[in-house]
Amino acid sequence: MKVVEIIKIVDAVVLQEEGNWDVNIKYGFAADLLSDTLFVISREEEPVLLITGVTNPSVVKTAKILDIPVVLIARGKPIEASTIELAKKENIILLRTKYIVFVTCGLLYEAGLKGAPWKIQY
Amino acid sequence: MEDTILVLEFPIFGEDFDHLGDATLRIRESLLKALNTPILNASKSREKEIVRKSGICLYEAEANIVIHAKFGFIKTILYKQKIVSIAKDIGPGIKNLILALKPGYSTASEKARMLGFGAGMGLKNIEKISDFFFLISTFGKGTYLLFEVWRNNTTLGGVKMKIRKLIEELKLEVLTNFTEKDLDKIVEEAYTCDLLSNVLSKAEEETTWITVQSNINVVGVATIKRIPIIIVTESNTPEEETLKKAELNSIIIARTKLSSFEISGQLYNLLKKQN
Ligand SMILES: Nc1ncnc2c1ncn2[C@@H]1O[C@H](COP(=O)(O)OP(=O)(O)OP(=O)(O)O)[C@@H](O)[C@H]1O
Ligand SMILES: [Mg+2]
């Protein structure tokens with residue numbers, strides 16, 4: 001799924017546009033705990049969309065380390081200027097939707113975006 | 001050590017949430033640059049993988065010093081064969097290491113939790129991702145963590161091989177459409193079995209699967225186990241539907257005339273011989 005489609009589906013605004021708009025997002029992943037994100041996405045090679053309510057620069061750093069090209073902030077949360085600045089530097093597209101995480105995921109899933117199909121093992 | 005290529009070290013301060021992750025990002029960038037130099041001739045995908053693994057582990061280690069300790073450093077040494085990182089701190093130490101390694105156990109502060117930390121997954125994550133993990137802590141004094149991410153041919157399991165090479169060497173007939181990336185995936189061992197439930201419960205993740213079965217359920221199992229390639233033996237022909245589903249999940253299905261016994265033997269020797 002292309003970034004422009006995602007924007008359309010969840011009626012998102014672009015907070016930071018520097019980045020790879022050609023990327024084809026394969027999976028969606030929603031979490032507010034960064035270590036959970038790191039744990040689950042650590043072996044994912046396909047481009048992932050991170051859906052989260054975390055708005056501080058850590059979310060961008062997490063995305064960078066995991067090669068996540070696009071972060072979608074849910075619940076229309078206000079976001080720190082430093083986060084946007086860092087995303088620009090690191091080439092990570094930042095989007096924001098006013099929908100809550102559950103609805104955001106639901107809309108994207110309905111539109112064909114999938115989650116990783118395997119079960120998590122500890 | 002003579003094969004040391006790069007040494008990087010950064011001080012990390014407790015409670016310094018604003019800069020949490022900066023050291024990791026800097027190390028990550030330097031590693032990428034160093035690995036890009038021709039002398040190391042790392043493959044692009046392998047290179048990305050080890051940098052990503054190191055990045056994740058470093059980030060968790062750095063976060064732990066910021067969140068839980070007073071002061072420390074993280075140090076990364078790039079050798080020809082592996083990336084070794086050390087995170088050492090002066091701080092409260094860890095009273096119970098087994099508890100600290102338990103997924104979900106966390107003593108992170110309210111502040112850290114507000115920022116998205118405190119899942120209690122950090123140490124477990126490093127343990128899972130790294131190829132070597134060593135943690136020691138003196139309660140009341142500090143913590144020392146060492147982890148390694150290994151480059152090609154240095155996993156405990158033996159030799160690693162690209163699927164591209166495997167297909168070539170075993171003269172397999174590939175039945176699914178694939179991408180370059182699928183061929184770049186790496187396998188290091190195989191599991192030969194025709195019982196799906198056995199594969200589900202016993203096979204390692206990401207293994208090569210050798211089977212005489214070719215029905216669609218095979219693909220379901222392979223997806224769950226993240227198996228990148230299924231070798232169908234004795235010239236069995238999967239249905240169109242099976243191939244489609246495999247392609248959808250980036251799984252390669254390849255066929256051989258040989259029996260499971262013969263192809264297993266060949267692959268076994270191949271993975272051994274290289275060493
Ligand atoms: N460097 C350290 N110094 C003191 N205690 C630590 C240190 N690292 C980890 N711990 C202890 O071990 C626990 C588990 O650590 P772990 O990294 O797994 O989770 P976390 O840091 O609490 O949360 P997360 O990493 O998921 O954000 C911590 O909550 C803390 O009690
Ligand atoms: Mg941690």
Side-chain angles (χ1 to χ4, degrees), chain A residues 24 26-27 29-48 50-69 71 73-74 77 79-83 85-87 89-92 101 112 114-122, chain B residues 17-25 27-29 45 48-49 51-60 62-64 66 101-104 106 108 112-129 181-182 184-185 200 205-206 220 222-226 228 248-250:
Chain A
N24 205 355
K26 178 105 188 260
Y27 298 125
F29 180 78
D32 289 342
L33 285 169
L34 298 176
S35 277
D36 274 345
T37 310
L38 290 162
F39 192 82
V40 175
I41 310 294
S42 58
R43 283 150 84 197
E44 187 44 65
E45 289 184 357
E46 308 287 349
V48 170
L50 174 59
I51 301 160
T52 182
V54 181
T55 57
N56 70 81
S58 293
V59 73
V60 174
K61 294 173 193 176
T62 304
K64 183 75 188 175
I65 286 159
L66 291 169
D67 302 309
I68 290 175
V71 175
I73 309 282
K77 267 177 115 174
I79 177 163
E80 284 92 329
S82 51
T83 306
E85 229 166 86
L86 186 67
K89 184 168 159 253
E90 302 291 0
N91 257 306
I92 287 163
V101 171
K114 289 283 173 289
W118 53 87
K119 292 182 181 166
I120 308 303
Q121 286 171 355
Y122 289 100
Chain B
F17 288 102
D18 286 347
H19 295 109
L20 199 170
D22 290 354
T24 296
L25 287 181
I27 293 175
R28 188 180 172 277
E29 208 153 289
S45 69
K48 258 187 103 171
E49 187 190 327
V51 171
R52 174 192 270 201
K53 281 182 171 178
S54 300
I56 295 169
C57 296
L58 281 164
Y59 191 45
E60 295 286 13
E62 184 178 354
N64 278 357
V66 173
L101 273 162
K102 222 176 113 184
S106 174
R113 283 170 205 267
M114 294 271 295
L115 293 171
F117 296 96
M121 288 307 304
L123 289 173
K124 183 74 200 171
N125 205 5
I126 302 173
E127 188 198 28
K128 184 186 97 174
I129 290 171
K181 215 162 135 190
D182 296 333
D184 274 341
K185 284 189 198 153
L200 268 178
E205 288 210 350
E206 292 173 23
T223 306
I224 292 168
K225 297 299 271 190
R226 313 191 66 185
L248 208 65
N249 289 294
S250 303

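Residue numbers start from 1 in every chain, and the chains themselves are labelled A, B, ... in the order their sequence lines are given, proteins ahead of strands.
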Roughly how far, to the nearest 0.5 Å, is the [atom2] atom of [Y] from the [atom1] atom of [X]?
X         : Y        : atom1 : atom2 : value
Tyr59(B)  : Leu66(A) : OH    : CG    : 9.5 Å
Leu115(B) : Asp32(A) : CG    : CG    : 12.0 Å
Glu80(A)  : Asp18(B) : CD    : CG    : 10.0 Å

Is there a side-chain contact between [X] and [Y], using heavy atoms and a 4.5 Å cut-off?
X         : Y        : answer
Phe17(B)  : Pro57(A) : no
Met121(B) : Leu33(A) : no
Lys61(A)  : Arg28(B) : no

Next item on the list: For residues Ile65(A) and Ile56(B), report the shortest heavy-atom separation together with the two atoms involved.
Entry: CG2-N, 3.5 Å
Check: Taking Gly116(B), Gly55(B), Ala119(B) one by one, which has the highest count of heavy-atom pairs under 4.5 Å against chain A?
Finding: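 Result: the option with the highest number of such pairs is Gly116(B).
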Next item on the list: Can you tell which part of Leu25(B) gets under 4.5 Å to a heavy atom of chain A, answering side chain, backbone, both or neither?
Entry: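 For Leu25(B), the side chain is the part near chain A, not the backbone.
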Checklist line | Which portion of Ser54(B) sits near chain A, non-hydrogen atoms under 4.5 angstrom | finding: neither
Next item on the list: Side chain from CB out, backbone as N, CA, C, O: work out which of these in Asp36(A) comes under 4.5 Å of a heavy atom of chain B, or both, or neither.
Entry: both
Checklist line | Thr52(A) portion near chain B, given a 4.5 angstrom heavy-atom threshold | finding: neither
Check: Can a cation-pi geometry be assigned to Lys124(B) and Phe39(A), taking NZ or CZ under 6.0 Å from the six-membered ring centre and within 45° of the ring axis?
Finding: no
Checklist line | Asp22(B) bridged to Lys89(A) by N-O distance under 4.0 Å | finding: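 Salt bridge flag = no for Lys89(A) with Asp22(B).
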Next item on the list: Please report the C-alpha distance between Glu46(A) and Lys181(B) in whole Å, then the side-chain angles of each, then the deciding distance to 0.1 Å, and finally whether the side-chain contact (heavy atoms from CB on, under 4.5 Å) criterion is met.
Entry: CA-CA 10 Å; Glu46(A) 308 287 349; Lys181(B) 215 162 135 190; 4.0 Å; yes
